[in-house]
Amino acid sequence: MAAPKIIAIEEHFTSPELRKHLTLKDGPIQAKLDDFGAVRIKDMDDAGIDLQIVSENNPAAQNLDPETAVKMARLSNDYLHEKVRAHPTRFAGFATLPLPDPKAAADELERAVTKLGFVGAMIMGTTHGHFLDEKPYRPIFERAAKLDVPVYVHPSPIMKTVADAYFKDHPALTGSPLGFGLETLTHSFRLITSGLFDEYPTLKIVVGHLGEAAPYVLWRTEENIQKVLKMPKAFGDYYRQHFYLTTSGAFSDTALACATAEMGIERIMFSVDWPYISNSDGTKWLKKAPISESDRAAIFAGNATKLLKLK
Ligand code: MN
């Protein structure tokens, strides 16, 4: 079997049990999230995508009570495992974790990787208003480092207190136009200032949307944070050594140039954010982006193949 030439790594689905539990409404996006057959695969084929790394859609199993979250995450991962097994050359999985019970989440990550063959985990931002740098979540990162799999930190809606304070009169900015990015950028930088990467020096974090502006602000953050916080390494070094960025929903030549210059080409991976964003918009953009053919191949598949240890 030929190695995949185009891999998309932030692509979503909804598992039937979570769909029922969260009483999600029918609609065109939901129909795509529910599908693991003709609709999804045709859309991939039309855009030239060989392999999707699939993850449970926001809010996944995160904002449930601990017991329900454990049960739902397990059902979700078992369901995704079945779908991957049915199409092993087209899909691979990121685990859904029951964040409200961090010890169980670490165990579920290990089960998903060692028993189900998943290639990492995706975490949907904050959990009941808590950020991942808070100490109770350390067992998850400890396990991810031990298993040597990446954790993809995905946006979640910003907290209501922040939305009210910042965007009450500008609701259009609350979600993906600005709010989601602020949430994930904050999350990324908090992981660094919390000392997480001094504790787990091999830990790998993936962030979408070309880093949510991190590459652009990194110099200034590093320049100013050293005046107020002592850390063993420079702020930018933590980011460049521990983070991998994907192109999900950020198909901009100039943002790609900045991210590549700051991070190095080997840290950038293709993703779409299907079904919210069009597969063919993504592949059409990157196929024409002003970069070398070897860089294009690395972003489209080579870097993900290495990071996720795909065969
Ligand atoms: Mn997404």
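What you see below is based on every heavy atom in this structure, not just the backbone, and it leaves out hydrogens, waters and symmetry mates. Both ligands and their constituent atoms are indexed starting at 1 by order of listing.
Side chains of Thr14 and Gln30: a donor on one and an acceptor on the other come within 3.5 Å. A donor-acceptor pair shorter than 3.5 Å cannot be found between the side chains of Lys306 and Asn303.
Partners of Thr254 by side chain to side chain donor-acceptor pair (under 3.5 Å), not counting sequence neighbours, listed by chain and number: Ser252.
Of all protein atoms, those that are N, O or S and lie under 2.8 Å from the Mn ion (ligand 1) total 4.
Using a 4.0 Å cut-off between charged side-chain N and carboxylate O, Glu199 and Lys135 make a salt bridge.
Other residues, nucleotides and ligands contribute over 12 non-hydrogen atoms within 6.0 Å of the NZ atom of Lys233. Enclosure of atom CZ in Arg85 is not indicated, since only 12 or fewer non-hydrogen atoms of other residues, nucleotides or ligands lie within 6.0 angstrom.
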